[in-house]
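To start, the structure itself, in structure tokens.
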There are 2 protein chains.
Amino acid sequence: MPELPFTLDQLRILKAIAAQGSFKKAADLLYVTQPAVSLQIQNLEKQLEITIFDRGGRKALLTEAGRLLLEYCERILNQCDEACKAIEDLNNLKGGTLVIGASQTTGTYLMPRMIGLFRQKYPEVSVQLQVHSTRRTGWSVANGQIDLAIIGGQLPGDLENLLQVIPYATDELALVLPSKHQLSNKKELLKEDLYKLNFVTLDSQSTTRKVVDKLLKDSGLDIQRLKIEMELNSLEAIKNAVQSGLGASFLPVVSIERELAAGTIHKAFIADLEVKRELKLITNPSRYISRASEEFKKNILPQFASLESPLRKI
Amino acid sequence: MPELPFTLDQLRILKAIAAQGSFKKAADLLYVTQPAVSLQIQNLEKQLEITIFDRGGRKALLTEAGRLLLEYCERILNQCDEACKAIEDLNNLKGGTLVIGASQTTGTYLMPRMIGLFRQKYPEVSVQLQVHSTRRTGWSVANGQIDLAIIGGQLPGDLENLLQVIPYATDELALVLPSKHQLSNKKELLKEDLYKLNFVTLDSQSTTRKVVDKLLKDSGLDIQRLKIEMELNSLEAIKNAVQSGLGASFLPVVSIERELAAGTIHKAFIADLEVKRELKLITNPSRYISRASEEFKKNILPQFASLESPLRKI
DNA sequence: GAGTCTCCATAAATTTAAATTATTCAAATT
DNA sequence: AATTTGAATAATTTAAATTTATGGAGACTC
């Protein structure tokens, strides 16, 4: 590691003298006294073993070595200015990158709207959305690869303590039927009716599937008795299957807004059952919170948060 | 003039930590204690209002802002290193420019040899030769456009005090005749013989001409009685004129070495007259002496200096 | 050319900043 | 749980830069 033979202050002084042609004027410009300028230049000359200025006449003139040094000096100081500006931009959300994590559902149906809003407000901050499983998302937040994330499932126990988990919204998992299904006419269903249905579900590894299974089980249903027509690994595929009359499914309401409006899919009401899950915001409190992340959490997320979420209260 | 929000030392520390992944290791690398490193980074973070490192686990990790700053940091430090190297090269005569002044005669016949020698020793120093009148050369040395010069005439009075003038060599101004001239056969001439000659001279403005006129006058000759066939402004032209039998001339011996060796010109001896002038080295003591200039004066010039010159004694 | 003005250098004193030692705190490893 | 390692903090020491005050040298004035 080489020693540094000069300081930025010395370079700043050098530049000022070169520009003003005088030690005194440079001192005035920099709001210091003239001896301060003299001594710093003397130090610089001693360190580099060169003469930088000819102090002959009324004005200070650069020597050859001085001109050479000045060239580098200007380049270095420009880089410094640039660095400052870049950092400032980052602070003012005029640059930088925000990395957001999400599960399949929120990533597909919720995040795009939020990110749109954010980008509208801060067009110079680039946003990266990473859609992964709850588990992987959790770990990414833990090791800093993701700034913040919204998940709908349960975190592994060890992460639960490490991360900050804030209830964010309630996501209803609606029972949806093909519009032409016989039960679509009934105003209300009962739990028991579920045994009459053929289900098209997410594959058993998915978080959403696990959540649904657990809720049904907790409400006293025997999930073994439910008939599963097929397992798919994409919500869109399931929606298509339901619309094609292949069976029923529990799907997040956020994912079927369009289809409900168009009437291509039917949402059933179950009188004695509510299938809901908590969407949670997770962040890593032991890590650096970027300005962008802070801003997203404070001003974007609340607009989409449910009334009960702590985020609302901010 | 903007304030500088960081120092080079801080950047150096930042770089070291980023490279080592640890405050402590960086401290060891830089031969300082760990608190010194911690405090400087804290200052940096405070100044820029950013967090640079995540000090979570066992190793320090850069934040986004930290990575951004590091990029600039490396560029800035590289520029600093380059600057040092450039300055060092200049000090070691591996770069830079030496500007030498000379009059017509020395510039044409003496300097090329000296510069050749210098360039052989320091091929990376570029040398510029400026041939001008004694007067203009003197002024150029005075205001720093020329590092050093060799002149054969008299400096204007005001410059005489301002510059350092060192006798350098004696330049004999030989009387030369066409080889087939009748007087070329005589072993020795006398002053009186000069009245019998037709002269081809430099124009009356030239320094060399003035010097010759003065010397002849001082030795008791009536220069009005000398027959001047023609006045030319180039030594080469005069040499050609003499060789063509058009007349005699007083020429610096250094300018006719080749012609004497070839026998195309004849050098006459005058028993009771010596026409000699002092060549002088001039420098500006109130100005910065470049390493190259110093070196030229100390090690190149003496090889061509006459025995009496103070330069010999160095 | 003597006097005045400017500008830079120098010296001593003050102020400011940075480094060190010693200690505490927290996380990670055993 | 105990030990180790790395970073933060506090107090002291050390070093460095700035200021005030002063002296000197060249340039402009009259």
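In what follows, chains are A, B, ... by sequence order, proteins preceding strands, each numbered from 1.
We find that CG of D54(A) is positioned 11 Å from P of dA9(C), with the value rounded to whole Å. As a whole-Å value, the separation of K46(A) NZ from dA16(D) P is 12 Å. Counting to the nearest Å, the C1' atom of dA17(D) and the CG atom of L44(A) are 15 Å from each other. In this structure, CG of D28(B) is placed 13 Å from P of dT5(D), rounded to the nearest angstrom. One can place CD of Q10(B) at 7 Å from P of dA18(C), the figure rounded to the nearest angstrom. Here the P atom of nucleotide dA17(D) and the OH atom of Y31(A) are 23 Å apart, to the nearest Å. Atom P of nucleotide dG6(D) and atom CD of Q20(B) are separated by 12 Å, given to the nearest angstrom. Summarising the geometry, the separation between NZ on K24(A) and P on dT18(D) is reported as 16 Å, rounded to the nearest angstrom.
Nearest to the side-chain atoms of Q34(A) among the listed nucleotides dA7(D), dC8(C), dT19(D) stands dC8(C). Nearest to the side chain of F23(A), among dA9(C), dA17(D), dT20(C), sits dA9(C).
Side chains of T283(A) and Q164(A): a donor-acceptor N/O pair is present below 3.5 angstrom, by distance only. Residues S103(A) and T106(A) bring a donor and an acceptor atom of their side chains to less than 3.5 Å of each other.
Contact between the side-chain N/O atoms of S22(A) and the OP1/OP2 oxygens of dT6(C) is not found at any separation under 4.0 Å. Contact annotation: R55(B) reaches the phosphate of dA8(D) (side-chain N/O to OP1 or OP2, under 4.0 Å).
The side-chain hydrogen bond (donor to acceptor under 3.5 Å, both in side chains) test with Q154(B) singles out one residue from K210(B), E278(B), E160(B), and that residue is E160(B).
In this structure, R55(A) fails the cation-pi test against F53(A), since its NZ or CZ atom is not both closer than 6.0 Å to the six-membered ring centre and inside 45 degrees of the ring normal.
Across residues 35-42 of chain A, P35(A), S38(A), Q42(A) each have a non-hydrogen atom less than 4.0 Å from an atom of DNA chain C (numbered order).
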Can you give each donor-acceptor pair under 3.5 Å made by side-chain atoms of residues 27-40 of chain A, sequence neighbours left out, with the distance rounded to 0.1 Å?
{"unit_1": "Q34(A)", "atom_1": "NE2", "unit_2": "S38(A)", "atom_2": "OG", "d": "3.0"}
{"unit_1": "Q40(A)", "atom_1": "OE1", "unit_2": "Q10(A)", "atom_2": "NE2", "d": "2.9"}

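At a threshold of 4.0 angstrom between heavy atoms, the contacts of T33(B) include nucleobase atoms, whether or not backbone atoms are also involved.
Under the 3.5 Å distance criterion, the side-chain polar atoms of D54(B) are matched with a main-chain donor or acceptor of Y288(A).
To the nearest 0.5 Å, the span separating CZ on F6(B) from CD on Q47(B) amounts to 10.0 Å.
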